[in-house]
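All values below come from the heavy atoms of this structure, side chains included, with hydrogens, waters and symmetry mates left out. Numbers here are sequence positions counted from 1.
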Amino acid sequence: MKKTQEANPERTLSIGLALGGGAVLGAAHVGVLRALDELAITAGALSGTSIGSFIAALHAFGMGWREIEEIAHELDWLDLTGLTLSQFGLLSNKKFGRVVRDLLGKRRIEESPLPLAIVATDIGSGEKVVLKNGDVAEAVMASSCIPAVFRPVEIGGRMLVDGVLMENVPLSPLQEMGIRPLVCVDLMGGHIFSRPDTIVDLLLNAFYSTLKTTTAMQIEEADLTIAPDLGEFSLVDTRRIPELVEVGYRDSLPLLKRLKDEATA
């Protein structure tokens with residue numbers, strides 16, 4: 001009698017993982033990390049933009065999804081700024097930098113156990129800046145710095161702001177590393193914009209609504225794009241963090257399982 005081949009639970013797959021921006025929707029990234037862990041898929045390299053840079057940095061420096069989930073529940077997502085007067089913006093996101101330092105210590109990107117790239121925008125030249133070395137907290141601050149809302153972060157003589165202006169789902173740094181397969185998490189791909197209730201809602205809607213078409217073109221060469229169904233969620237409502245984590249997990253698990261089955265067949 002022919003023996004049925006059993007699945008090998010020891011099979012593993014290493015991927016390049018690009019985590020995109022999307023404000024509070026970034027909690028869905030944690031659910032994706034959970035799915036990866038359950039399927040024994042590891043991130044061999046990570047890239048991140050905006051909130052994606054925060055999650056990517058934590059994971060690259062060794063934090064698992066459970067630890068990051070605890071941080072996501074405890075984090076005051078909308079209290080990561082401190083008032084500072086500036087000709088370029090009213091708010092500073094230095095508090096975000098302090099959060100990163102509290103979690104990781106004063107670390108440099110190149111010290112990460114996994115290759116890590118963080119995308120920001122040089123607002124003085126309009127150029128994309130891919131940060132692969134330097135202070136990781138400053139890099140996350142720069143990548144998450146919404147222009148005209150936050151004061152630009154100066155690194156190496158450049159005035160850096162949010163990387164979503166250039167590459168909201170940062171596939172290109174992973175392509176340059178030569179790692180495959182490439183997996184992208186596009187938080188805005190499944191998001192549905194709604195009428196803004198506050199000035200913060202209005203600013204974020206304006207900021208992200210211009211990016212969807214560009215992002216779709218930029219990630220065409222990904223081996224897998226995960227766009228969780230986040231249409232019912234607000235970019236600023238922190239009360240639904242647990243649900244965002246769950247949707248990220250639920251929507252990514254079957255896609256990642258299929259990718260692994262195909263790659264390890």
Side-chain angles (χ1 to χ4, degrees), residues 14-37 41-65 67-69 71-72 75 77 96 100 103-104 109 112-121 128 130-132 136 139-144 162-177 179 181-191 208 211-212 215-216 218-219 221-228 230 233 235 241 244-245 247-249 251-253 255-256 259:
S14 179
I15 63 170
L17 181 63
L19 302 181
V24 172
L25 301 182
H29 287 319
V30 183
V32 176
L33 294 181
R34 176 186 170 189
L36 290 170
D37 183 61
I41 301 174
T42 60
L46 293 107
S47 61
T49 296
S50 201
I51 192 61
S53 73
F54 177 62
I55 305 296
L58 296 184
H59 194 59
F61 275 92
M63 289 192 183
W65 71 267
E67 191 172 1
I68 300 175
E69 183 180 32
I71 293 167
L75 192 66
W77 292 66
F96 203 178
V100 177
L103 293 170
L104 299 179
I109 299 171
S112 168
L114 298 174
L116 172 64
I118 293 175
V119 173
T121 301
K128 179 174 69 177
V130 180
L131 299 165
K132 297 181 181 179
V136 67
V140 171
M141 284 168 54
S143 184
S144 308
D162 206 313
V164 302
L165 295 174
M166 293 289 106
E167 194 172 9
N168 189 37
V169 184
L171 180 67
S172 65
L174 298 175
Q175 289 177 301
E176 292 170 6
M177 294 179 196
I179 188 170
L182 297 172
V183 176
C184 294
V185 184
D186 181 8
L187 300 175
M188 304 309 298
H191 179 67
Y208 284 105
L211 304 172
K212 297 188 75 170
T215 297
Q218 290 175 335
I219 61 178
E221 295 187 29
D223 296 290
L224 172 64
T225 295
I226 299 168
L230 304 178
F233 296 94
L235 290 163
I241 296 296
L244 283 163
V245 174
V247 172
Y249 167 73
D251 288 4
S252 64
L253 186 66
L255 299 175
L256 289 166
L259 176 73

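Atom CD1 of residue I41 and atom CG of residue L256 lie 5.0 Å apart, to the nearest 0.5 angstrom. D186 CG to I219 CD1: the interatomic distance, rounded to the nearest 0.5 Å, is 4.5 Å. For the atom pair OG (S50) and CD1 (I55), the distance works out to 11.0 Å, reported to the nearest 0.5 Å. To the nearest 0.5 Å, atoms NE2 (H29) and OG (S252) are separated by 11.5 Å. The distance from atom CD1 of I226 to atom CG of D251, rounded to the nearest 0.5 Å, is 9.0 Å. Rounded to the nearest 0.5 Å, atoms CG (L36) and CD1 (I15) are 5.0 Å apart.
Side-chain contact between V183 and D223 is absent, with no heavy atoms from C-beta onward closer than 4.5 Å. Residues L114 and T42 are not in side-chain contact: their nearest non-hydrogen atoms beyond the backbone lie 4.5 Å or more apart. When side chains are defined from C-beta on, V119 counts as touching P173, because their heavy atoms get closer than 4.5 Å. Between I68 and F54, the closest side-chain pair of non-hydrogen atoms is not below 4.5 Å. Looking at heavy atoms from C-beta onward, F61 lies in side-chain contact with L116 at the 4.5 angstrom threshold. Counting heavy atoms from C-beta on, the side chains of V169 and T225 never come closer than 4.5 Å. Considering only heavy atoms from C-beta on, I71 comes within 4.5 Å of M63 through its side chain. Inter-residue side-chain proximity for V136 and I118 is flagged as met; some heavy-atom pair is nearer than 4.5 Å.
Remark: the backbone N or O of S53 is not paired with any side-chain donor or acceptor of S143 at under 3.5 angstrom. In terms of modelled atom types and a separation under 3.5 Å, the side chain of T121 and the main chain of D162 share a donor-acceptor contact. Between the side chain of N168 and the main chain of G20, no donor-acceptor pair closer than 3.5 Å is present. With hydrogens and angles ignored, the 3.5 Å screen pairs a side-chain donor or acceptor of T49 with a backbone N or O of E167.
When the side chain to side chain donor-acceptor pair (under 3.5 Å) test is applied to Q175, the partners found at least two apart in sequence or on another chain are E221.
V245 approaches A27 most closely through the heavy-atom pair CG2-O, 3.4 Å. Taking both residues in full, the closest heavy atoms of M188 and G22 are given as SD-CA, 3.9 Å, listed atom of the first, atom of the second, then distance. The shortest non-hydrogen separation linking Q218 to L171 is O-CD2, 3.6 Å. A120 approaches M166 most closely through the heavy-atom pair O-CG, 4.5 Å. For the pair L17 and A43, the tightest heavy-atom approach, listed with the atom from each and the gap, is CB-CB, 4.3 Å. Here the shortest heavy-atom pairing between L104 and A57 reads CD1-O, 4.2 Å.
Listed by first and then second residue, the salt bridge (Lys or Arg N to Asp or Glu O under 4.0 Å) pairs involving residues 23-36 are R34-E38, R34-E246 (not counting sequence neighbours).
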Exercise. Could you give me the CA-CA distance, side-chain angles and deciding distance for S172 and K128, then say whether side-chain contact (heavy atoms from CB on, under 4.5 Å) is met?
Key: CA-CA 11 Å; S172 65; K128 179 174 69 177; 2.8 Å; yes
